There are 2 protein chains.
Amino acid sequence: MAKKQTTIQDIAKTLSITASTVSRALNDHPKIKKSTKDTVWAKAKELNYQPNTIASSLRKGKAKTVGMIVPRINRHFFSNIITGVESVLNPAGYNLIICQSEEKYDKEINNINTLIANRVSGLLISISLETKNFDHIRRAISNNIAVVMYDRITEELNVSKVENDDISGSYDLTKHLIDEGYKDMMWIGGSRNFNTYRNRFEGYEKALKEIGIDANKYPIFEGSISLEAAYEYFKEYLENNKLPEVVFSASDYMAMGAIMAIQEKGFKIPDDVAISGYSNEPFAALINPKLTTVEQFSKEMGRSTARILLDEMESNKDENIPIKTILRPKLIVRESTINKKKL
Amino acid sequence: MAKKQTTIQDIAKTLSITASTVSRALNDHPKIKKSTKDTVWAKAKELNYQPNTIASSLRKGKAKTVGMIVPRINRHFFSNIITGVESVLNPAGYNLIICQSEEKYDKEINNINTLIANRVSGLLISISLETKNFDHIRRAISNNIAVVMYDRITEELNVSKVENDDISGSYDLTKHLIDEGYKDMMWIGGSRNFNTYRNRFEGYEKALKEIGIDANKYPIFEGSISLEAAYEYFKEYLENNKLPEVVFSASDYMAMGAIMAIQEKGFKIPDDVAISGYSNEPFAALINPKLTTVEQFSKEMGRSTARILLDEMESNKDENIPIKTILRPKLIVRESTINKKKL
DNA sequence: AAAATAAATGCAAACGTTTGCATTTTGTAT
DNA sequence: ATACAAAATGCAAACGTTTGCATTTATTTT
């Protein structure tokens, strides 16, 4: 079983030429004659030659591999980004090592260490919720790895970044809520230490300010971004408080938790209280009522991110000028925020 | 920026010992004195040494890497399997290269080629819907790569396999439907050329046979496993046919499509027609009515699969005896199949 | 204290490519 | 035919580890 793989040397030997020539022929080097290229290719096929990427990487000092760190792979938002990244990187001959940080700072550090050990050429990272210090990322950079941050970024690092325009996304959404005639609002979302949720709050705040309302006068729940957390919070909230007209949730999952608590109490959505989400998770179109939310074009985000990384990896400049890409999300209005009493 | 990474040689030089000793020290070789191990470790830390996995892999002829081929990463079922696999493989020092076949035979072949080129030690694969020929997998095997198939398997290959017991899963579910008093059924699902759907049909058939009914007398829709396909199909079906008492859907997504078409027509679930799904996708617990389905413990499936692979990779036997693991799924009864008229 | 054994380290080759430079072969101009 | 340039190939080192075997150093036995 453990049969020897055929190498460049084997091909060379049977053709009585050098390994160098074979190598160059296979890599389509301009100085190699067309005819020898052909014979080499033919022999390679015949001997079922499979190039040894490892040897090549060692010699070149870099692997045609990029590492991607993702908080959680089982969020649609992230798995779509991955798909987008692959659609750009694979055709370019790179493969992806995907690592999950599971929102843990320590795991993120481990991930980076293995990626450095694997001499990846590039690193794509969306930081975990716990990450406050960025020395591990700096270490990657100083190991000559091209780094691009996506979605969850930090201003502390001078690297290329791809973001969603969360401010305008939530501004547009809030505007829609106002247009529907809602005034009495409530914000729920993840920690605003995070660019994502900070910005989503900012857009909300901005739209309200335009009609003379201070967002901070309304209830704000800042918690862990999970269905369960929102459900528990709302269950308790409803015991002691009256409903707002509308709940602006900065996450579809949290919106879902709220909806379950609300419906359990016998309230109707959007009649008794309207609610919106963020991200357009697949279930948003499937639940009852269908959830108004914001589509983020995650696959496209993956593609942009990968394109930028590819550029930086293949440019032989020693230092790249970091660029910032901001993707504009799109409001998706569905039943959960339609005001039937309007006008 | 492009600063030289410190190598084992650098450490050796500053300590005036050999690279061999350093290598052995770092790998905790028994013949190395505790004291030198300590000094080597200290110096390694000091010089910020990052082992070069590539060099190591080249020398050893194998990378501490496993390739995983997945039809689609953005199905919860699969992304959970991935998480399970990682939870076993990462602590063992392996990393995962994940490839999506996107249900295409050609992509699957490409994936395998890059994995072979990367000299992965192991391969985890769930075949695409298009795959009928398995020579590419045989090629991997003959390149001395340990292979384990999960979920979507084939009997044509003599390798270890991890399956869900779809027969008993759907048997249990059908039994539940019968117990609820439903008799007039309908089956919808993916192509039965596929072990998964074939087995899910078999369990359904078996349970019906026990009460003297031939499953083939009832309507069967065998189509592409997507929400859209099922929606379209049902929309048309409802024009020309009367409702069955219950729809057995071999996929949550298809169930969802059916539900949307049914509710659009103004029918009530489960009052006018009951419906069940399969897989327990997250939305199944979120929709209205909540969907009865079958939980497959995908994370556990990933763990089992990885454990078996790990065994096969680390055993130095030349030939492993393939084992077959069958995981028992669990019925999850929710509102969508509760018969209010029962008794 | 010498001899024998055990423990620790060193030597050098190997893994399969790639690549700068040297050499050979081919083609062109005289 | 000769000289020269251009094109094609060869040579050999390098990438950073690992590892069988040889050698040195420390420990035990007599």
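Because the structure is a prediction, the values reported are computed rather than measured.
Regarding I32(A), its CD1 atom lies at a distance of 15 Å from the P atom of dT25(C), rounded to whole Å. Counting to the nearest Å, the C1' atom of dT17(D) and the CD atom of Q9(B) are 8 Å from each other. Rounded to whole Å, atom P of dG10(D) lies 13 Å from atom CD1 of I8(A). Protein atom NZ of K37(A) is 13 Å distant from nucleotide atom P of dA7(D), rounded to whole Å. Spacing between atom NZ of K31(A) and atom C1' of dA22(C) amounts to 11 Å, rounded to whole angstrom units. Atom pair Y49(A):OH and dG16(C):C1' shows a separation of 8 Å (rounding to whole Å applied). Atom NZ of K34(A) and atom C1' of dT9(D) are 18 Å apart (whole Å). Going from atom NZ of K64(A) over to atom P of dT17(C) covers 17 Å, rounded to whole Å.
No side-chain heavy atom of N118(B) sits under 4.5 Å from any side-chain heavy atom of T65(B).
Nucleic acid contact for I54(B): none, since no nucleic acid atom lies under 4.0 Å from a heavy atom of the residue. Among the heavy atoms of the strands lying under 4.0 Å from S56(A) are primed sugar atoms or P, OP1, OP2 only; no base atom is included. Heavy atoms of S20(B) sit under 4.0 angstrom from at least one base atom. Residue S57(B) is out of contact with every strand shown, counting any heavy-atom pair closer than 4.0 Å.
Within 6.0 Å of NZ in K37(B) there are more than 12 heavy atoms belonging to other residues, nucleotides or ligands.
Closest contact between the side chain of A55(B) and the listed nucleotides dT17(D), dC11(C), dT9(D) involves dT17(D). Here dG10(C) is the nucleotide among dT17(D), dG20(C), dG10(C) with the atom lying nearest to any side-chain atom of R24(B). Closest contact between the side chain of N52(A) and the listed nucleotides dG16(D), dG10(D), dT17(C) involves dT17(C).
A sub-4.0 Å separation between OP1 or OP2 of dT17(D) and a side-chain N or O of T53(B) is absent. Remark: T21(B) is not in phosphate contact with dT9(C), judged by side-chain N or O atoms under 4.0 Å from OP1 or OP2. The shortest distance between the side-chain N/O atoms of T7(B) and the OP1/OP2 oxygens of dG16(D) is not below 4.0 Å.
S56(A) and T53(A) are not linked by any side-chain donor-acceptor pair at a separation below 3.5 angstrom, with hydrogens and angles left out of the test.
For residues 60-89 of chain A, no pair satisfies salt bridge (Lys or Arg N to Asp or Glu O under 4.0 Å), with sequence neighbours left out. Within the structure, the salt bridge (Lys or Arg N to Asp or Glu O under 4.0 Å) test picks out no pair touching residues 108-121 of chain A (sequence neighbours left out). Applying the ring-ring contact (aromatic ring centres under 6.0 Å, His included) test to pairs two or more places apart or on separate chains, none has a residue in residues 11-56 of chain B. Applying the salt bridge (Lys or Arg N to Asp or Glu O under 4.0 Å) test to residues at least two apart or on different chains, the pairs with a partner in residues 46-58 of chain A are K43(A)-E46(A).
In this view, I109(B) and Y105(B), N113(B), H136(B) satisfy the side-chain contact (heavy atoms from CB on, under 4.5 Å) rule, not counting sequence neighbours.
No donor-acceptor contact under 3.5 Å links the side chain of R119(B) to the base of dG16(C).
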Between the protein and nucleotides 23-26 of chain D, list the N/O to N/O atom pairs that are separated by less than 3.5 angstrom.
none

